[in-house]
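First listed ligand is number 1; within each ligand, the first listed atom is number 1. The shown structure was predicted, so the numbers you read here are calculated from the model rather than taken from an experiment.
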Amino acid sequence: MNNTNFRKPVRKAVFPVAGLGTRFLPATKAIPKELLPVVDRPLIQYAVDEAREAGIEEFVFVTGRGKTAIVEHFDTAYELESTMTGRGKSLDVLDPTRIQPGSLVTVRQQVPLGLGHAVWCARAVIGDEPFAIFLPDELMYGSPGCMAQMVEAYNEVGGNLVSVLEVPMEEVSSYGVIAPGESKGNLTEVKGLVEKPKVADAPSNKIVSGRYILQPEVMDLLASQGKGAGGEIQLTDSMAKLIGEQPFHAVTFNGRRFDCGSKVGFVEATLAIALDREDMGEEVRKMAKKMLG
Ligand code: G1P
């Protein structure tokens, strides 16, 4: 295996955001789940900030019907900005929402066939470059961010990388799970990958936590990938086929992860980030203490 072939810089990132967000109804009837705020930033903003910090230059959103407000969020808001400027207000608060002209691309996933299918929908934009994937439901909180830690590892080993974390064994069936090989520091060799295994069949309790760096060859595998767990086209199944062909490692994120795909996880993220904020942490702590008696 010649690792030098799998080390091109990672400049592009795919954000699968076509999901219906049914778990958060009625909040998500007219508003995309990715725009629900954690304190004062929509969920998607955390993923885009993390991507930018890691050096991502091109942002590919895989959207669907009713999700265009996500794209609006990253567009120039002429009326808002001229009104604010007219009132002498600073526009700095909008800085994170600015993506360079031409650097935001959207593709549509017309039918919900699974994560593997969503990623495949971005193939023409990705071309023959390695790329990152961010599942925005997974809020990865830390400095440096999760993807920055992965890019650092990529610069060492190249190939394909997934972020992993350990969960209690009884929870593995909700996730992609790795069969771990040798570990060195935060880096673990990936020997196998299985999507949503039964607890008894799971090769470990290390789950894939929503961040990926993949080589473009995965797109060819996705093109003919059959249905897997839950009757969906699974990214995990195509990634598994790269093992042995290309380097494949897992990075254990040094930081905190919040599962914003669940309501409790969303509340946890909101509270943890509010407590951590310089502008409001102390007040929130007092309020929470009082509330909890
Ligand atoms: C997806 C992936 C799974 C991964 C999980 C992380 O599953 O298929 O491998 O562990 O995201 O959140 P989903 O949440 O779409 O069922």
Can you list the residues that meet the side chain to side chain contact (heavy atoms under 4.5 Å, CB included) rule with Arg277, with sequence neighbours excluded?
Val39, Asp40, Ile273, Asp279, Met280

So, Ser163 and Ser209: side-chain donor and acceptor under 3.5 Å apart, yes or no?
yes

For Phe266, check ring pair (Phe, Tyr, Trp, His ring centres under 6.0 Å) against everything at least two apart and list the hits.
Phe24

Answer yes if the ring centres of Phe61 and Phe74 are under 6.0 angstrom apart, and no otherwise.
yes

Listed partners of His117 passing ring pair (Phe, Tyr, Trp, His ring centres under 6.0 Å), at least two apart:
Trp120

Contact residues of ligand 1 with a heavy-atom cut-off of under 4.0 Å?
Leu115, Leu135, Glu138, Tyr175, Gly176, Glu195, Lys196, Val208, Tyr212, Gln234, Thr236

If you group Ile, Leu, Val, Met, Phe, Trp and Tyr by side-chain heavy-atom gaps below 4.5 Å, do Ile243 and Tyr212 land in one group?
yes

